[in-house]
Each structure stands twice: as C-alpha cells, then as structure tokens.
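Just so we're clear, the structure is a prediction, and the values are computed from it rather than from any experiment.
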Number of protein chains: 2
Amino acid sequence: MPKCIQNSLSDQVYTMLKDQILSGQLKGGMKIPEESLAEQFGVSRTPIREAIRRLAEYGLVTIKPRSHAVVSIISPQEADDIAKVRVSLEQLAIDSIDEESYAEHVKELSRYAADCQYAMGIGDRATVFEQDSLFHLALVKASRNSALISICERLDAKIQQLRIAQNLPEDELSYYLGQHAQMMSMLKNGEKEACKHMLYEHITHDLTSHLDKDNA
Amino acid sequence: MPKCIQNSLSDQVYTMLKDQILSGQLKGGMKIPEESLAEQFGVSRTPIREAIRRLAEYGLVTIKPRSHAVVSIISPQEADDIAKVRVSLEQLAIDSIDEESYAEHVKELSRYAADCQYAMGIGDRATVFEQDSLFHLALVKASRNSALISICERLDAKIQQLRIAQNLPEDELSYYLGQHAQMMSMLKNGEKEACKHMLYEHITHDLTSHLDKDNA
DNA sequence: GCATTGTGTACTGTATACAATATTGATACC
DNA sequence: GGTATCAATATTGTATACAGTACACAATGC
C-alpha cells in the first residue's frame, strides 16, 4: 500500500489511483467506474469523483461525459510532442540555474543518478523510472522557477505513464542512464550549451518511439 | 452572462467563475465560500466544489484545506517566472511550425492582431487582452504539438489573471501591440530566429514588473 | 443477414444531509 | 491593555439518495 501523506480521503484515493496507473496496474483503456472504485477503497463516490477529476486534469484519465472514465492511452505522436516540450522546459531550467550553485546541485543529482544505476543493476525498473523522474525534477527545481517547476511536475505524471507503456529495451535504457553522468560533468564544468545539447539527445532518445499501439 | 457551451452545471459554474476572475470582478485574495456561490448560481454545492477544484488546478484559486478557497494572488516573482516559461514554449512553437504554412498562419494571426488594435483604439482593454491571448494561442496551435498546446492553454488562464492585476500603462500596452505586426512580418519572411528574439522582448516586456503588491 | 428501433441496465450528475474541523468573538486572566 | 481559553458559528469533507442519460442487447422489419 503506497504512502498517503495527506489526510482527506480524496487525496488518498488520488494518490492510490495515480500509483496504480503509473505502476501499470491500471492499463490504458481500462474503465474505472466510480461505484466499483468506491467499494474497492471502502469510501463513498464523492472522494472518488474528485480524485478522478484531478487525474483527468493531469491527463492520466479521460472522462467521457455522462458515461464513464477510462485510463488514458498515449499515442506515439503524443510521446514525441511531450519529448519536445520537455526538452524546451529542461533547457530553460539549465539556463536558469545560478552558476555559483552548479556544484551543489550536481551533488544532489548524482545521488539520484546513482540510485538509478543501482536499481538498473538489480533489474528493478519501477525504481529506475522513479529515480530518473526525481533526477529530472531536481534539475528543474534547481531553476527556482515556480511556474516551470509546477508545469514539469504535472508533465512528469504523463511521462511516467509513457515510460510504463513503452517498455524500453534493456540496452537502450542502460545507455540512456549513462548520459546522466555526462550531463552532470558538463554542468559542473560550466559547459551549459553542451549540457543542453546532451539533454536534447537524452530526452529525445528516451521518450520517442518504442510505444505499443494501445498501451495494453 | 457569458456563453456556456457545455451543459453540465459543473462546467457552467466553472466557466462563469473563471470569467469573473479573469475579468477582475473577483479579485485576488477574495474568499469564495461554496454555499454562497451555490445560492448565487442557484445550484447545490456539488457542482460548485467541482468547479473550484478545477480552478485550483489552473492556479486561479487556492484551496486552504478544511477552511476555504480564495482567489489566487500573483507575486511579481511568479509573473517573471511565467514570462520565462512562456518565452520558451512559444519559441518552441515557432520552431515547430511547418515552413510551408507560414503564410497561412500569419493570415490568421493578423486577424487577431487587427482586433487587438481596434479594441485598443476604442479603449476596450478586456477585448485587447482577450484577442492578444487568441493571437498567442494561435501561434502555439500552429505548432500542432498537442502537449504544447494544452500546457499553453492552461498557462493562458494565469496570464490573463496577471494582465488584469498589472494594469499596464496605455503607452506601453500600445507599444507592445505594435510588436505583433513585426513578428508576423518576420515569420512571413522566414526569419525564424529574429522572430523568436522579438518574441522574447515582447513577452518579457509585457509580463514582467508593473504588478500591484496584492492584486487588489 | 443487416439495419433499426425499443427496452433494460449501468453509470454519471446533482441535491441533500450529516459529521468534523477551522475560525471568530467573547470572556477570563495576567 | 494584552494574551490565553473556550464556546458558538461557519464552512468544508463525506455519505447517501435520486434523477437522468448513455450504452448494450434483444426484438423487429427489410
């Protein structure tokens, strides 16, 4: 059972549903009727509705008005689109980081990168993806741009869903993780432009293509 | 009374509340208790709650758990942050536009720009802001990047709220509107980089500073 | 066989009721 | 006079009930 920091039932249900979607337990296209979820969680339909609606704002579920909600399906086109946006946003983050604090941030990033590598070593993909998300979010947070951070956190949910659906081959994922170290070293040396270009390769390679027809 | 395309009460209330906030009728910091809104709109609290929660996802209202919701206040720092993100996203849009369709898109853009100028002429600021939003959204839509479009539409709500709060002096607003024509001409001539740079000036100048202490 | 209509079911959308918590104002105390 | 305490009130959070709509599937006609 996942951790639930907040105490309203709405929040708890939201967190649990999100986890179920991002872990692949609830797959793209699956119906999620309010009543059966209410039974499953042992609460009334009200907090379920609020959770579903919040998930819909994040694009994780799609609500068909007066009918039912389903877990969203990500098209290959959408994956490409998200990759392009992510490159822009994270490049902005790199540009925004105060040069004096490069070392400090690299230190934090390296922790996440190490956790990624470790999880990769023991074949724990879920943790790889989780720590990779934290790596990228840490990069974004280093910008101290609140609007940027909030957009990237929102986008991250969609990216995690995409990750689960695409099922990247092991060798590619491994190659991809190696780029973390390269980017960090560039950042530490103040090679901002090189780092931004590597980020472009990194994200484009990771998120584009490799997507099943219907996220099943 | 604003137009309400969708038919659920939730959607109608959402649209009306959003309009009231973006028109400045509901100012930053004002409490919005569910029950009084329910009376005002003649519906139960349920659709009101859903509308408020949606507005919270867009950052237009802030929910204090178990207490009340208030119309969000935008800090000058937040305005700067939003401006930076907007520049990145719209520059990506420009980069994504298919070069063969420049002329076609410029044609659409010029309509919005003209409406802006006309509204400015008769001193109708609300319409100026509305049409300016449509101008920028049209630019974004020309990219055909669905993720980009959805993020920019979301951000637009916040930008409109910012516009109302900042109360830009007339001469600056006028100067700002003039840049639309310049950008369009650059785009038509395929001067992408120049256009992107002008966009940077345009947005930075428009959204930064000029903000009252507490959006009152 | 295929399209079309009708009926029943499942599910959502909204209203209402109640429980739980934050806020406000008054009162007592230092 | 200022601060702390407590009760009354206002407001949210959740459960439940009911109305209305969409969908699936059977029945009918061609």
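Residue Ser67(A) is in sugar-phosphate contact alone, with no base atom involved, counting any heavy-atom pair closer than 4.0 Å across all strands shown. Counting any heavy atom pair closer than 4.0 Å across all strands shown, Glu50(A) reaches no nucleic acid atom.
The aromatic rings of Tyr14(A) and Tyr58(A) lie tilted to each other, with the angle between the two planes from 30° to 60°.
A salt bridge links Glu50(B) to Arg53(A): at least one charged side-chain nitrogen sits closer than 4.0 Å to a carboxylate oxygen.
Residue Lys31(A) contributes atom NZ, which lies 7 Å from atom P of dC11(C) at whole-angstrom precision. Rounded to whole Å, the distance from CZ on Arg53(A) to C1' on dC11(C) is 12 Å. Residue Glu34(B) contributes atom CD, which lies 15 Å from atom P of dT14(C) at whole-angstrom precision. Distance, Asn7(B) CG to dT14(C) P: 9 Å, rounded to whole Å. Here the C1' atom of nucleotide dT14(C) and the CD1 atom of Ile48(B) are 12 Å apart, to the nearest Å. If you take CZ of Arg49(B) and C1' of dT14(C), they are 14 Å apart, rounded to a whole angstrom. Straight-line distance from the CD1 atom of Ile32(A) to the P atom of dC11(C): 13 Å, rounded to whole Å. Here the P atom of nucleotide dT12(C) and the CD1 atom of Ile63(A) are 10 Å apart, to the nearest Å.
For the atom pair CG (Asp95(A)) and CD (Glu90(A)), the distance works out to 12.5 Å, reported to the nearest 0.5 Å.
Of all nucleotides in DNA chain D having an atom under 4.0 Å from a heavy atom of chain A, the first and last in 5' to 3' order are dT14(D) to dC23(D).
Looking at Ser88(B) and Ser88(A), their side chains never bring a donor and an acceptor atom within 3.5 Å of each other. With 3.5 Å as the limit, one finds no donor-acceptor pair spanning the side chains of Asp98(B) and His105(B).
A residue-by-residue look at His68(B) and Thr46(A) shows that His68(B) has its nearest nucleotide of DNA chain D further toward the 5' end.
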Tell me which donor-acceptor pairs under 3.5 Å the side chains of residues 137-158 of chain B have, and how far apart each pair is, sequence neighbours excluded?
residue: Ser143(B); atom: OG; partner: Val140(B); partner atom: O; Å: 2.6
residue: Ser143(B); atom: OG; partner: Asn145(B); partner atom: N; Å: 3.1
residue: Asn145(B); atom: OD1; partner: Ala147(B); partner atom: N; Å: 3.1
residue: Asn145(B); atom: OD1; partner: Leu148(B); partner atom: N; Å: 2.9
residue: Asn145(B); atom: ND2; partner: Asp81(A); partner atom: O; Å: 3.3
residue: Ser146(B); atom: OG; partner: Asp81(A); partner atom: OD2; Å: 3.2
residue: Arg154(B); atom: NH1; partner: Glu57(B); partner atom: O; Å: 3.4
residue: Arg154(B); atom: NH2; partner: Glu57(A); partner atom: O; Å: 3.1
residue: Arg154(B); atom: NH2; partner: Glu57(A); partner atom: OE1; Å: 3.3
residue: Asp156(B); atom: OD1; partner: Ser133(B); partner atom: OG; Å: 2.7
residue: Asp156(B); atom: OD2; partner: Gln160(B); partner atom: NE2; Å: 2.9
residue: Lys158(B); atom: NZ; partner: Gly59(B); partner atom: O; Å: 2.6
residue: Lys158(B); atom: NZ; partner: Gln161(B); partner atom: OE1; Å: 3.3

Show the atom names and distances, to 0.1 Å, of all donor-acceptor pairs under 3.5 Å that link a side chain in residues 113-128 of chain A to residues at least two apart or in another chain.
residue: Asp124(A); atom: OD1; partner: Ala126(A); partner atom: N; Å: 3.4
residue: Asp124(A); atom: OD1; partner: Thr127(A); partner atom: N; Å: 3.2
residue: Asp124(A); atom: OD1; partner: Thr127(A); partner atom: OG1; Å: 3.3
residue: Asp124(A); atom: OD2; partner: Thr127(A); partner atom: OG1; Å: 2.5
residue: Arg125(A); atom: NH2; partner: Leu168(A); partner atom: O; Å: 2.2

